[in-house]
Participant: 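Mind looking over this structure? Questions follow.
Nothing here was measured: the structure is a model prediction, and the numbers come from that model. Naming convention: chains lettered A, B, ... in sequence-line order (proteins, then strands); numbering from 1 in each chain.
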Amino acid sequence: MTLSSRIFFSKTITLLKPRFLFYPFSTHHHKHDAVIHRFRFSVNQHSLLRDLNSVKDRPLAAFGLFRWAEKQSGFHGGYIFMRSVYRFMEKAIDAKIDGVVLDVLVTGAVRGGGGNNLEVSVKLLDLLLWVFTKKSVLEKCLRIFYKMIHNGLLPDVENCNRILRLLRDRNMMNGTKEFYSVMVVCGVRPTIVTYNTMLDSFCKQGEVEQAMELLYMMPKLGCDPNDVSYNILVNAWSRKRDFVRAKELIEEMLKLGLKVSAYTYNPLVCGYCEKGMFGKVDDLGVEMSDSRALPTVSTYNAVMDGLCKSGRVIDATGFLDIMESKNLKPDLVSYNTLIDGYSKLGHLREAFSLFGKLIKKNLVPNVVTYNTLIDGFCRLGDLDDARRMKDYMIRHGPHPDVFTFTILVWGFYKMGNLSMAKELFDEMQHRGLQPDCFAYRTRRVGELKFGDPSAEAFGMQEEIEAKGFPLDLITYNVVINGLCKLGNLDEADKLVQEMLYNGIVPDHVTYTSIIHGHLMAELLEEARDLFDKMKEKGISPSVVTYTVLIHSHAVGGMLNHAIAYLNEMENKDVLPNVITYNALINGFCKEGKMDEAYNFFRGMEKKGISANKYTYTILINENCNLWHWQHWQEALRLYREMLDREIEPDSCTHSALLKHLRKDYKSQAVKLLENVISGSE
DNA sequence: TTGAAGATGA
């Protein structure tokens, strides 16, 4: 917003004039003059607005009033009546006379012969444009924009930027580029905001390289990139999980003396957290405090979410206190994140205790909070309580949404209660909620996975299709994956044929499912063939594809193959994750090659990928298998290390550790062990 | 921050 327009909208308009008799405007409307003449106005804002209301159904009268306001604004130096005029524009749009207003303003400006009048007309056109950008009515904005420039009138660059943002948000890259060229050719001088919007458009389209080109071209275009420009690109590389390039840009920012902030670091923190690279997150934390880019509540929320997603909910909860100690107030998102963490683990008691805590802190649970808890009930198979909670929401609010119902529908499908699933789906619609693609997919997957592929389900498919949601790739993937997991490779193959027939191209997820299915059926050669076929078709294998291949080959003792896959993925910049490393460590342990296993263990940590309970269990198990004093010591050391790092062992870890003890001693032994370890600190 | 879904340990 320019300074002047800020003045327009912040000033309260109190200027009063005695009375004002309205006179019509240009001559070609004179046959309606009689209508317009009947309007008299006292000149203060309230009556003006009242009058605008009263003429809403009479476009021409309203238009006359508008002309009057226009003259007033010109007369009083341009800002006195802007707020009224703004309200008028909104009303004109409601009354669908904005087209007339546009025409007259443009012709008025053109005929008016320049000067003050022209300036006012352009201001008013900009105001009209502003109203439409605020309403996100792109089509109208473009119409006004093009009409203006065709008549030699230049819209305000701020409005152009707003239109660019609308184009960006609709992913219309070509439209964005075209609009940018037109505005520049017509003489609108781009600002840093224009360029930053363009950068963001490129990034949102995945064309980050193009954005980089623009970034480095900006100085030549007479506009040096600022911190926001860099933040956009750091964000883009982080989203692409190319952390190296993201970091390079941050270093460049520091070198250039640009301001780094939480906005710069948060996307990177999010990326590392999502990948479970908590070592890197720690490093970033240090770097942030060094460069005075202090973490915000969002930063901590991202870390907490990452920890929850890797099962470290207790660590995540610890951040509530850490935040408080730094004078940051955990917000509803913080609590929702933790509640979700506990709900997903089935620890509803903790989830509800947090629910109580957030209320004590005067935060108000929202629909997400409730949905998360309902999901927790569903995961435990407690559909009664899940449904009761939904009914509570209907009575007391917040009102259930499409998420609420989708969660419940899926919950009932998983319990095999198809009729309740359908009932809730119908209830959602009866309550006026419009199912989205998630909801429809859930219904389809539910029927395909848990129901009979009967005629009724078939009818449902057509019904959904008629609503504009055709069977899509994700639905096929979900079902194909389910079949592969059950070992039903023939049925899975049939579905692949069917999706091809329907013109849907299998992607890396489809292939990974089928490859995995073959691997589990010990059809390694076929799996390798499928892998080659997938690459021939130009489908890039993902980290999951490589991981399932590495796992099966490593477990089968084919360590050379496993290593070859690891090298291949690293050459293709597909980053291995903790599961990939676990598969390798597991394979090398099984072959008794402990040195190599430990090398991978150290290597992953060096890359910032933290070991998890599986990693430790594999190593502990192998050390215990060796059944030798030194190895037993090593197993204990590992166990202690994982406790130190607050990685919670589970029953698997314990039985690995105590595999040589008799069963009756085991539970006692675990307690003893905890004592020994904590006592020796 | 919530809904369907591809992978790991005894």
Participant: Give one of base, sugar-phosphate or nothing for A/Leu373, where a contact means two heavy atoms less than 4.0 Å apart.
Facilitator: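 A/Leu373: no heavy atom of the nucleic acid under 4.0 Å.
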
Participant: Within residues 375-384 of chain A, find the residues that approach DNA chain B with a heavy atom at under 4.0 Å, and present them sorted by residue number.
Facilitator: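 Result for residues 375-384 of chain A: A/Arg379, sorted by number.
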
Participant: Considering every strand and a 4.0 Å limit on heavy-atom distances, what is the contact class for A/Lys414: base, sugar-phosphate, or nothing?
Facilitator: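 It contacts nothing in the nucleic acid.
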
Participant: If you walk 5' to 3' along DNA chain B, what is the first nucleotide with an atom under 4.0 Å of a heavy atom in chain A, and what is the last?
Facilitator: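 Using the under 4.0 Å cut-off, the span is B/dT1 to B/dA10.
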
Participant: State whether a side-chain donor-acceptor pair under 3.5 Å links A/Thr317 with A/Tyr342.
Facilitator: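 Looking only at side-chain atoms, A/Tyr342 and A/Thr317 do form a donor-acceptor pair, the distance falling under 3.5 Å.
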
Participant: Within the structure shown, what part of the strands sits under 4.0 Å from A/Thr653 by heavy-atom distance: base, sugar-phosphate, or nothing?
Facilitator: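 Answer is base: heavy atoms of A/Thr653 come under 4.0 Å of a base.
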
Participant: Look up atom SG in A/Cys589 and atom CG in A/Asn625, then write down how far apart they are to the nearest 0.5 Å.
Facilitator: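 One gets 9.0 Å once the value is rounded to the nearest 0.5 Å.
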
Participant: Between the side chains of A/Asn301 and A/Thr337, is a donor N or O closer than 3.5 angstrom to an acceptor N or O?
Facilitator: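 Looking only at side-chain atoms, A/Thr337 and A/Asn301 do not form any donor-acceptor pair under 3.5 Å.
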
Participant: Just checking A/Asp650: base, sugar-phosphate only, or nothing, at a heavy-atom cut-off of under 4.0 Å?
Facilitator: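 Base, at least one base atom sits under 4.0 Å.
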
Participant: Taking the six-membered ring of A/Phe278 as reference, does the NZ or CZ atom of A/Arg312 fall below 6.0 Å from its centre and within a 45° cone about the axis?
Facilitator: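 Yes; both conditions hold, so A/Arg312 lies above the ring face of A/Phe278.
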
Participant: Remember a base hit wins even if backbone is also touched, and classify A/Asn301 as base, sugar-phosphate or nothing at under 4.0 Å, heavy atoms.
Facilitator: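 No contact.
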
Participant: List in numerical order all residues of residues 538-551 of chain A for which some heavy atom is under 4.0 Å away from an atom belonging to DNA chain B.
Facilitator: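 Within this stretch, A/Ser542, A/Val544, A/Thr547, A/Val548, A/His551 sit under 4.0 Å of the strand.
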
Participant: What closest approach, in Å, do A/Arg379 and A/Ser343 show between heavy atoms, and which atom pair accounts for it?
Facilitator: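 Where A/Arg379 meets A/Ser343 most closely, the heavy atoms are CD-O, 4.1 Å.
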
Participant: Taking A/Tyr546 as the fixed residue, which of A/Glu570, A/Met569, A/His551 is the one that meets the side chain to side chain contact (heavy atoms under 4.5 Å, CB included) rule?
Facilitator: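 Result: among A/Glu570, A/Met569, A/His551, A/Met569 is the only option passing the side chain to side chain contact (heavy atoms under 4.5 Å, CB included) with A/Tyr546.
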
